[in-house]
K.L.:
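Sharing a structure, written as structure tokens. Questions coming.
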Number of protein chains: 2
Amino acid sequence: MTENVKGQREYRGSSGADRMRERRERLIEAAIAVYAERGYPKASVRAICKEAKLTERYFYESFASGEDLLVAAFETISDELFEVVDAADSGGEPEQRIHARLRAYYDALHQRPSATRVFFIDTVNVSKRVDVLFEHAIRRFERGMAELLDMPAPASDTVDLRLRGVSGGLHQIALAWMREDFARPTTEVVEIALRFCLAIRGTGM
Amino acid sequence: MTENVKGQREYRGSSGADRMRERRERLIEAAIAVYAERGYPKASVRAICKEAKLTERYFYESFASGEDLLVAAFETISDELFEVVDAADSGGEPEQRIHARLRAYYDALHQRPSATRVFFIDTVNVSKRVDVLFEHAIRRFERGMAELLDMPAPASDTVDLRLRGVSGGLHQIALAWMREDFARPTTEVVEIALRFCLAIRGTGM
DNA sequence: GCCATGTGACAACATGCGATGTCAGATGCA
DNA sequence: TGCATCTGACATCGCATGTTGTCACATGGC
């Protein structure tokens, strides 16, 4: 519960700021659903508002443009993913840590198919701002994996193409699994991903 | 030179069918340029026609819709790539063959930056038809690599996620290289890609 | 030279979009 | 109760798009 601001008042039990935040969250969730269904380019502001059961006025209350909402949706999904993966890594041997991180990662993707679709497909190459965020996310993931793979930590200004091979492989494995509607059990996918990582690690490539 | 069809005639030295085919090719090249510049969703029919120095009437002479042109452009690029890669594989030891294929692949990408951009970025996730074609292309690439990596040939109806890890890694290496405007020499990229493949092969993952 | 065919510039139309505005009615507070 | 605020449905505007059509002019075959 938030303090009321001057010129605002309670309405149906919540403050102005709370109502606004709830609308914002509803718009993000609606956007994820609509992006997943028809893709970002065809996700009009009107359609997202209808999905969120809000009107256009409330859209522009929280977001200056459609792209702003896209960025917010991407950040929401990305943050949740990193939270889950980082929480799963409870230390131990590198192999165990890799396993834990991969399991948490693929589990999270499996549990939120719409968000996964948006993360891997609908936010890709549609906005420069999101492209930059995606690249940041990949690098963050790679930094987390480097030491576990016996690879030197990558420089911050250039891409380590060897690490990119690893993260890219894991990425495309996830994408293919998603495209087949998560047909195989998560454990099988994690097992394959783990062996993939260990194959690279074994050779100190 | 093609036979004139009834009701057609020579014009500026070429037959009706030839002129039509030349216009079609010009539209495809123009489309690749415009897609690379502003992305497929923002590549209007008008803009492509202007780039090709043709008018809308000639667009609909060769393509029933904007998506038709997208498909044609993708197929053009994809066919050229496979042609180059297959031609480069002149037999020998698996390691040499992998090297030859990778070098041809990354060379071709480097030589045609706009087409590469369209292939990796602008045609991705914008059309179901192209998505299917892309998946076919990946599988064709994977079939070509499987035996060289001591992996069993993948079943035709399901994705081999281990192979997908390899092709996905090579894919993302290429993408990152392209994103930095091919800053490093091709040989360095090929070297990394080769070691990546051999690391997987060594473990018979 | 005549006329069908080819060409290019551009108009026309319906459609959907982002963005902003209007307005009646619901709600909470003094 | 009276009144400022909040809400939702909808109108409105300018603009870009795909697609089809029009029309004057160029070109080539007879």
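Residue numbers start from 1 in every chain, and the chains themselves are labelled A, B, ... in the order their sequence lines are given, proteins ahead of strands.
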K.L.:
Under 3.5 Å, side chain of A:Asp131 to main-chain N/O of A:Asn125, donor-acceptor pair present?
P.N.:
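Checked: pair present.
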
K.L.:
Taking any heavy-atom pair under 4.0 Å as a contact, classify A:Phe59: base, sugar-phosphate, or nothing.
P.N.:
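Answer is nothing: A:Phe59 stays at 4.0 Å or more from every strand.
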
K.L.:
Find the distance A:Arg23:CZ to D:dG8:C1' and express it as a whole number of Å.
P.N.:
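Computing the A:Arg23:CZ to D:dG8:C1' distance gives 11 Å.
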
K.L.:
Checking contacts here: which listed nucleotide (D:dC6, C:dG6, D:dT20) is nearest the side-chain heavy atoms of B:Arg9?
P.N.:
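For the B:Arg9 side chain, the nearest candidate turns out to be C:dG6.
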
K.L.:
Are the aromatic rings of B:Tyr105 and B:Phe141 close, with centres under 6.0 Å apart?
P.N.:
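Under 6.0 Å, so yes.
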
K.L.:
Between the axis at one end of the helix from C:dG1-D:dC30 to C:dA30-D:dT1 and the axis at the other (five pairs apiece), what's the angle to 10 degrees?
P.N.:
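For the helix from C:dG1-D:dC30 to C:dA30-D:dT1, the axes at opposite ends meet at about 10°.
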
K.L.:
If I take atom CG in residue B:Leu27 and atom P in nucleotide C:dG8, what distance separates them, rounded to the nearest angstrom?
P.N.:
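Answer to the nearest Å: 12 Å.
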
K.L.:
Mapping A:Arg19 and B:Tyr11 onto DNA chain D by nearest heavy atom, which one lands closer to the 5' end?
P.N.:
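Whichever sits nearer the 5' end wins; that is A:Arg19.
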
K.L.:
With a 3.5 Å distance limit and no angle check, can you tell me whether B:Thr123 reaches the backbone of B:Val118 through a side-chain donor-acceptor pair?
P.N.:
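The answer is yes, because a donor-acceptor pair under 3.5 Å joins these two groups.
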
K.L.:
Nearest-Å distance, CD (B:Glu61) to C1' (D:dT19)?
P.N.:
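Atom CD in B:Glu61 sits about 15 Å away from atom C1' in D:dT19.
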
K.L.:
Per the side-chain hydrogen bond (donor to acceptor under 3.5 Å, both in side chains) rule, what does the pair list look like for residues 51-79 of chain B, sequence neighbours excluded?
P.N.:
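side-chain hydrogen bond (donor to acceptor under 3.5 Å, both in side chains) check on residues 51-79 of chain B returns B:Arg23-B:Glu61, B:Glu67-B:Ser127, B:Asp68-B:Arg129.
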
K.L.:
Considering only heavy atoms, which members of residues 65-75 of chain B lie under 4.0 Å from some atom of DNA chain C?
P.N.:
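Heavy-atom cutoff 4.0 Å gives no residues at all.
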
K.L.:
Do the side-chain N or O atoms of B:Tyr60 get closer than 4.0 angstrom to the phosphate oxygens (OP1, OP2) of D:dT20?
P.N.:
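For B:Tyr60, the contact criterion (side-chain N or O under 4.0 Å from OP1 or OP2 of D:dT20) is not met.
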
K.L.:
Please report the distance, rounded to the nearest Å, between CD1 in A:Ile48 and P in C:dG16.
P.N.:
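Value for this atom pair: 17 Å.
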
K.L.:
Indicate yes or no for a side-chain donor-acceptor contact from B:Arg164 to the backbone of B:Val159 under 3.5 Å, with no hydrogens or angles considered.
P.N.:
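Answer holds: no.
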
K.L.:
When the distance from OH of A:Tyr40 to P of C:dC17 is rounded to whole Å, what number comes out?
P.N.:
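Atom-to-atom, A:Tyr40 to C:dC17, this comes out as 13 Å.
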
K.L.:
Atom CD of residue position A:Glu188 - does it have more than 12 heavy atoms of other residues, nucleotides or ligands inside 6.0 Å?
P.N.:
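Atom CD in A:Glu188 is packed in, count exceeds 12.
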
K.L.:
Between B:Asp181 and B:Ala183, is there a donor-acceptor pair closer than 3.5 Å when you use the side chain of the first and the backbone of the second?
P.N.:
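The answer is no, because no donor-acceptor pair under 3.5 Å joins these two groups.
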
K.L.:
Can you tell me which residue pairs pass the side-chain hydrogen bond (donor to acceptor under 3.5 Å, both in side chains) test with a partner in residues 165-177 of chain B, sequence neighbours excluded?
P.N.:
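Output for this query lists B:Glu142-B:Ser167.
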
K.L.:
Summarise protein proximity over nucleotides 9-17 of chain D in one line of letters, 5' to 3': B for base, S for sugar-phosphate only, - for none, counting protein heavy atoms closer than 4.0 Å.
P.N.:
BB------B

K.L.:
With sequence neighbours excluded, what pairs up with A:Asp107 under the salt bridge (Lys or Arg N to Asp or Glu O under 4.0 Å) test?
P.N.:
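Partners of A:Asp107 under the salt bridge (Lys or Arg N to Asp or Glu O under 4.0 Å) test: none.
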
K.L.:
Measure the NE2-CG distance between B:His99 and B:Leu148 for me, rounded to the nearest 0.5 Å.
P.N.:
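Answer for the NE2-CG pair, B:His99 versus B:Leu148, is 13.5 Å.
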
K.L.:
Can you see whether A:Tyr35 has A:Arg117 sitting over its ring - NZ or CZ less than 6.0 Å from the centre and within 45° of the normal?
P.N.:
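Judged by the rule, A:Arg117 and A:Tyr35 form no cation-pi pair.
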
K.L.:
Would you kindly give the OH-to-P distance between B:Tyr58 and C:dA9, to the nearest whole Å?
P.N.:
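Going from OH in B:Tyr58 over to P in C:dA9 covers 10 Å.
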
